[in-house]
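Along the sequence shown, the residues carry numbers beginning at 1. Order of appearance sets the numbers: ligands from 1, and atoms from 1 within every ligand. Please read these numbers as outputs of a predicted model, since none were measured by experiment. All values below were derived from every heavy atom in this structure, side-chain atoms included, with hydrogens, water molecules and symmetry-related copies excluded.
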Amino acid sequence: MMTKEQYIESLRKMKLNVWYMGEKIENPVDHPMIRPSLNSVAMTYELAEQPEYQEVMTAVSNLTGKRINRFCHLHQSTEDLINKVKMQRLCGQKTAACFQRCVGMDAFNAIYSTTYEIDQKHGTEYHKRFTEYLKYVQDNDLTIDGAMTDPKGDRSQGPSGQKDPDLYLHIVEVRPDGIVVRGAKAHQTGAVNSHEHLIMPTVAMKEEDKDYAVSFAIASDAPGITMIYGRQSCDTRKMEQYHDIDLGNRQFGGHEALVIFDDVFIPNERVFMCKEYDFAGMMVERFAGYHRQSYGGCKVGVGDVLIGAAALAADFNGVPKASHIKDKLIEMMHLNETLYSCGIACSCEGKQMAAGNYQIDLLLANVCKQNVTRLPYEIARLAEDIAGGLMVTMPSEADLRNKEIGHYVEKYLAGAPGVSTEDRMRILRLIENLTLGTAAVGYRTESMHGAGSPQAQRVMIARQGDLESKKKLAKNIANIK
Ligand code: SF4
Ligand code: FE
């Protein structure tokens, strides 16, 4: 396994084509805007090195027999699925941000089982190729951007119905030695911090869409790839002189990028689906299922930090004993643990796939994510309630540090006795960061749309919920023949 330092160095060696705010970023690793998100990924390496987290953060590879980072693992049991969720909660607690590496892990497990089934039907050799690829990923302890979401253009049309054919990523040429692809993947979590992109189709497809039914892996710095780094609310605070307090979370963050593939060549050994449109839906459903389980871990870990911050804000305000405050904190914990329960439940009910790895219960994973589209919003609302308006009206760190007016900030922003004004500002800024700032991307809007928007889960719940069997139960009880 790589150490945290080795991971950072390995990325520094790559020649990534990254853009931010209209400028090409020559050194993304050390860029102040990007670095906090890289620190979050680095945490997945750092924790794996620590003996107390071995069980949760690492696993023994079924492919090589070697101990590997769990983020590279194919789940071999329901216990593995449970440990995955625990690992994500832990990483969320340590970063209070999206640590990005789960998309790769979820893609590995979905592609591994789907390629096995494609080969069974079509006599292809994708599973063997993918297994070899995954050994390479595991041996080198890589971070992979599991990429699904296409830009999608006109939502009333599928891939082949678009005016601009590139709005879904597609195959433009099949050569004897590989394929050439064009298109883009949007909202790519951790793209700039990843060694490779692992591409999957974004929707179920019909025969006319077959050029869009494609899965492959490619190094992030391959010719033809451009990454445009996404803006986040309050992001430029990172570029300010005084940003320690004002950022709320100076060290960690997450990111998404628009990743463009401009006629990129993919050698055959890296192609895992090539026009088998009848399996696009299966791959989508499985990846989405795993990632919906993931949110029952990562968002819970970040929620733990937010609840802790709200409780500290109450302490610093001198009202930890107020009964309504206590009740709000209880409610926040109840909601957060409800999400965790869903993550654990869909893991416990997991099943072995034909390929041998384990998959979560799809119905429960979708219920998990559907709850994630709601409960973090209520947790955030309660945190804002407890924090008070100062969270969004407070003067800056630059004011606090100013020789002429700093003493005013110090004096008038004081809270409970024995609490420094600076600490009070720090905790309020952390709540601001998680609910309205850079981390709100991961905790709020991503809770809504990440791993699929709410309606996508409702479609799956409808499909998996088996309404007919419930009708039968009612008929039996009501004695209807
Ligand atoms: Fe992992 Fe959560 Fe970020 Fe997805 S949103 S990559 S599950 S931390
Ligand atoms: Fe996500």
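The protein non-hydrogen atom at the shortest distance from atom 2 (Fe) of ligand 1 is Cys298 SG, 2.3 Å. Counting only heavy atoms of the protein, atom 3 (Fe) of ligand 1 lies nearest to Cys98 SG, 2.3 Å. Regarding atom 5 (S) of ligand 1, its nearest protein heavy-atom neighbour is Glu446 OE1, 2.9 Å.
Salt bridge present: Glu337 and Arg89 bring a charged side-chain N and a carboxylate O closer than 4.0 Å. Using a cut-off of 4.0 Å between Lys/Arg side-chain N and Asp/Glu carboxylate O, Arg129 and Glu132 are scored as not salt-bridged.
Heavy-atom contacts of Gln100 reach the following atoms of ligand 1: 3 (Fe), 6 (S) (cutoff under 4.0 Å). Interface atoms of ligand 1 facing Tyr295, defined by a heavy-atom separation under 4.0 Å, are 4 (Fe), 5 (S), 7 (S). Heavy-atom proximity to Ser294, at under 4.0 Å, picks out these atoms of ligand 1: 7 (S).
Scanning all heavy atoms of the two residues, the minimum distance from Gly343 to Cys346 falls at O-SG, 3.4 Å.
Judged by distance alone, the side chains of Tyr126 and Thr114 never bring a donor and an acceptor atom under 3.5 Å apart.
At a cut-off of 2.8 Å, Ser294 is not counted among the residues with an N, O or S atom near the Fe ion (ligand 2). The distance from atom 1 (Fe) of ligand 1 to the nearest N/O/S atom of Cys102 is under 2.8 Å.
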Quiz prompt | Criterion salt bridge (Lys or Arg N to Asp or Glu O under 4.0 Å) on Lys351 and Asp361, from CA distance to verdict | solution = CA-CA 7 Å; Lys351 297 263 156 22; Asp361 180 272; 5.1 Å; no
Self-check item: Steps toward side-chain contact (heavy atoms from CB on, under 4.5 Å) verdict (Ser347, Lys84)
Solution: CA-CA 9 Å; Ser347 306; Lys84 172 196 160 185; over 6 Å; no
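Geometrically, Arg70 does not engage Tyr53 in a cation-pi contact defined by less than 6.0 Å to the ring centre and at most 45° from the axis.
Atom OE2 is the N, O or S atom of Glu446 at the shortest distance from the Fe ion (ligand 2). His291 has its closest N, O or S atom to atom 4 (Fe) of ligand 1 at the position named NE2.
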